[in-house]
2 protein chains.
Amino acid sequence: MSRVKCPKCNKAERILKSGIVRNKQRFYCKDCNYHFIEASPKRKNNIVLKSNNDQISLQDIAAAAGVSTTTVSRALKDRTDISEKTKKFIKELANSMNYQPNMLAQSLVSRTTHTLGVIIPSLETTIFSTMLSGIQEEASRYGYRVIICTSNENQETEIANILGLMNNMIDGLLICHTIQTSTFEHIRIHMGKRIPIAQFYRVAIDLPITQILADDEVGAEEVTEYLIQKGCTRIAMLLGSKSLSITQKRFKGYQNILKKHGIKIDGKLLAYVDFSLEQVEKALDKWLKITPKIDAIISISDRSAVQIIRQLKKKKIKIPNQIRVFGFGNEFVGEIVEPQLSTFDTRIRVIGEEASRLLIEQIISGSREITSKLIPGKLVIRDSA
Amino acid sequence: MSRVKCPKCNKAERILKSGIVRNKQRFYCKDCNYHFIEASPKRKNNIVLKSNNDQISLQDIAAAAGVSTTTVSRALKDRTDISEKTKKFIKELANSMNYQPNMLAQSLVSRTTHTLGVIIPSLETTIFSTMLSGIQEEASRYGYRVIICTSNENQETEIANILGLMNNMIDGLLICHTIQTSTFEHIRIHMGKRIPIAQFYRVAIDLPITQILADDEVGAEEVTEYLIQKGCTRIAMLLGSKSLSITQKRFKGYQNILKKHGIKIDGKLLAYVDFSLEQVEKALDKWLKITPKIDAIISISDRSAVQIIRQLKKKKIKIPNQIRVFGFGNEFVGEIVEPQLSTFDTRIRVIGEEASRLLIEQIISGSREITSKLIPGKLVIRDSA
DNA sequence: ATCGGTATCGTAAACGTTTACGGTTTCGAT
DNA sequence: ATCGAAACCGTAAACGTTTACGATACCGAT
């Protein structure tokens, strides 16, 4: 019967049991007033643990080189206070040991992760993936990584994503709002914090943070002017959610030009949709019943414009003779559809790049200056107009 | 003349200057054998520092609650060894203080980040962004984040991206190779490590890691069989890089069916391209000069198939009467082009989802079993065939 | 020898968590 | 009172870095 010995006084006489804690028997030595648990099979030597597939650390290099971790850090970071000889020696050693710094530890100390968070409504829509492409490449140029979250056009998800990202994992946040986003408290909460936020493409204009977006108003003006020059007077417009800048500003441009030409705005010619196929078709059907007949349609999205073209062709309505069609975005499909789609090229990719660049420069400089950047676009005239 | 006093013995008599280090005057007290630097304006009380916009930490809550950080951690993590009362108290306190855990610190300890790395050739090609969408959503369903890197179809960038990600920031890596990737040493290096890697869509078949890809061989078989049933015998094929599985397996399926029907493979009917517009046009021009004339074209990519259709239409060649055209992928453009494109739906999105799911389950289970998953697709017959 | 100065290195704390383990208190049954 | 047990809480180390500050050795000019 192996009696339990106290690890301190090494005696076995006055040992009492003292409960079970976390499934292990616990003892109490009256001599040294010491509680203890029966020795569990401890890792005897850390060497065994090191020999597995773990990443090697600064300490491993330090041990191998016979110096302190500080010295190793200094050598690898090309800091001062180190001799050329040891620096070279340690660098070669680290190289041969295949050392890779642990970014988590670095980030914990430096409070920076060199990572951007991006919240985007969807990845399956061309304009969004193109913007993301711009964001990603520009970020990569600055040495930044990108974490993406999709909101699926759902405000709840957008809010959840923000919370999930704001946990010190990112240095800055880029957000393109959901089509249904109308309140912005979830953004305001984070506005004073260390992590800068910028909005792109779909922005809340009133929100005092940096925003990067297409020059929607001018774009709509140019499109509308073009159509009027072609003789159109009954111009219908397919818009998105009223709370979004793309809707507001593009409508504004449309309005400006109509006013300029003394044409009255007809509310029946405006449709606010979520860009789903059903809603687009429904809007179109309504328009076609209106008299005097419409002679042009401006769609806020190329994709919907393409769908409109297909519908019109089914109905044997001639484009552009009876109805001229204009899109926004200059996506690839516009080139493929027949007749080819006229559109306003918002230079989506550039918006992504600029958003990325502006945010990163805010991060680097630490400035929290609010800038509002408009990316100029240009008309692309094809057959549909 | 304010003499310098030793911070230890508080005397000013036997103080010597002792060099300048890092731009600050240094002193040496002969009495206590102590080196020191003139007192810099130190932060007197940490309270001042805390009052800025920093995130609050477990320690802040602990201080506010008058308990240890351990207790706070236990309360928030619903661990044992804590009373219901204090748990509730601390939870409410943390809530009111708007506490957000620091994921960096958590990850450093737990050695997991709940983050996936994804390396993808491009974001501006529909199939890739669609796959990424599948990856992202499935990951999000499991509570994982996604870091994306684009290789821009450049092997160097692919290698650099892998290195950049393998620094403890991710729990697993998903990779879709560049079209030019032919050596795989950069993958092999990381294969034994803690972080599992899986390939998707474009895979190196021989590489002993998990792979998720379309059932390319069967797809090509079905497409070829369909064309032969329609009477085609001179079927041209537009392929990608020879080292890629999509090229190899789709060619294999084509080959299988031709053999089955006793049709000899004609090398002139095969073109290996990088899917750029120029190369596609060049391949097409070559084909059109061949006799006996070709009567069908299978393109490995929908996008190229669409370009082929446009070229053929320019040349007044009837589709499908003179030449039938087939694509791979079932992208949106195939629906828009006229005539509408027949294609093999590889269910791109599902590939992304499955890749995400398999990798995450490997991460969770810790298993490193190699699985090779084929995603079945289906024929989509439209006007072009 | 003394002293100011420089070059090079180490110590220890810090970043914010988690966790193994020890201590204290309480309680019920002898 | 004594003893076994349980409940609850704190201490300190650990994760892998960076960095403020001290220590030591050495050197050249008095």
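Every chain is numbered from 1, with letters handed out A, B, ... down the list of sequences.
Residue B:Arg111 places at least one side-chain N or O under 4.0 Å from the OP1 or OP2 atom of D:dG16. For D:dT19, the OP1/OP2 oxygens have a side-chain nitrogen or oxygen of A:Arg79 closer than 4.0 Å. At the phosphate of D:dT17, neither OP1 nor OP2 sits under 4.0 Å from any side-chain N or O atom of A:Ser73. Dashed line: the shortest gap from a side-chain N or O of B:Gln106 to OP1 or OP2 of C:dT18 is under 4.0 Å.
Electrostatic pairing of A:Lys91 and A:Asp78 counts as a salt bridge here, judged by a charged N lying under 4.0 Å from a carboxylate O. We find that B:Arg357 and B:Glu361 are joined by a salt bridge, their nearest charged nitrogen and carboxylate oxygen being less than 4.0 Å apart. Between B:Asp171 and B:Arg194 there is no salt bridge, since none of the side-chain N atoms of the basic residue sits less than 4.0 Å from a carboxylate O of the acidic one.
Listed nucleotides: D:dT18, C:dC9, C:dT17. Nearest to the side chain of A:Thr71: C:dC9. Of the listed nucleotides (D:dC9, D:dG16, C:dT17), C:dT17 has the atom at the smallest distance from the side chain of B:Tyr99.
For A:Gln100 and D:dC15, the CD to P distance is 19 Å, given to the nearest whole Å. Here the P atom of nucleotide C:dT18 and the CG atom of A:Leu104 are 14 Å apart, to the nearest Å. Atom P of nucleotide D:dA12 and atom CD of B:Gln59 are separated by 14 Å, given to the nearest angstrom. In this structure, A:Lys87 atom NZ and C:dA7 atom P are separated by 13 Å, rounded to whole Å. The distance between atom CG of A:Asp81 and atom C1' of D:dC21, rounded to the nearest whole Å, is 11 Å. Atom pair B:Asn102:CG and D:dC15:P shows a separation of 18 Å (rounding to whole Å applied). When rounded to the nearest whole Å, the span between NZ of B:Lys85 and P of D:dC9 equals 8 Å. Rounded to an integer number of Å, the gap from CD1 of B:Ile90 to P of D:dC8 is 13 Å.
Comparing B:Ile82 and B:Asn168 by the nucleotide of DNA chain D that holds the closest heavy atom to each, the one mapping nearer the 5' end is B:Ile82. Between B:Leu108 and A:Thr69, the residue anchored closer to the 5' end of DNA chain C is A:Thr69, taking for each the nucleotide with the nearest heavy atom. Take the nearest nucleotide of DNA chain D for B:Ser68 and for B:Ala105: the residue whose nucleotide is more 5' is B:Ser68.
Counting heavy atoms from C-beta on, the side chains of A:Met103 and A:Thr113 never come closer than 4.5 Å.
Under 3.5 Å, the side chains of B:Ser367 and B:Gln362 contain no donor-acceptor pair of N or O atoms. Checking A:Thr70 against A:Ser73 by side-chain atom types alone, no donor-acceptor pair falls below 3.5 Å.
Using a 4.0 Å heavy-atom criterion, one finds that A:Thr86 contacts the sugar-phosphate atoms exclusively. Across all strands shown, B:Ser83 has heavy atoms under 4.0 Å from sugar-phosphate atoms exclusively, and none from any base.
Checked by distance alone, A:Arg74 brings a side-chain donor or acceptor within 3.5 Å of a matching partner on the base of C:dG10. On a pure distance criterion of 3.5 Å, no polar donor-acceptor pair joins the side chain of A:Ser107 and the base of D:dT17. Counting distance only, with no hydrogens placed and no angle test, the side-chain atoms of B:Thr70 and the base atoms of D:dT11 include a donor-acceptor pair under 3.5 Å.
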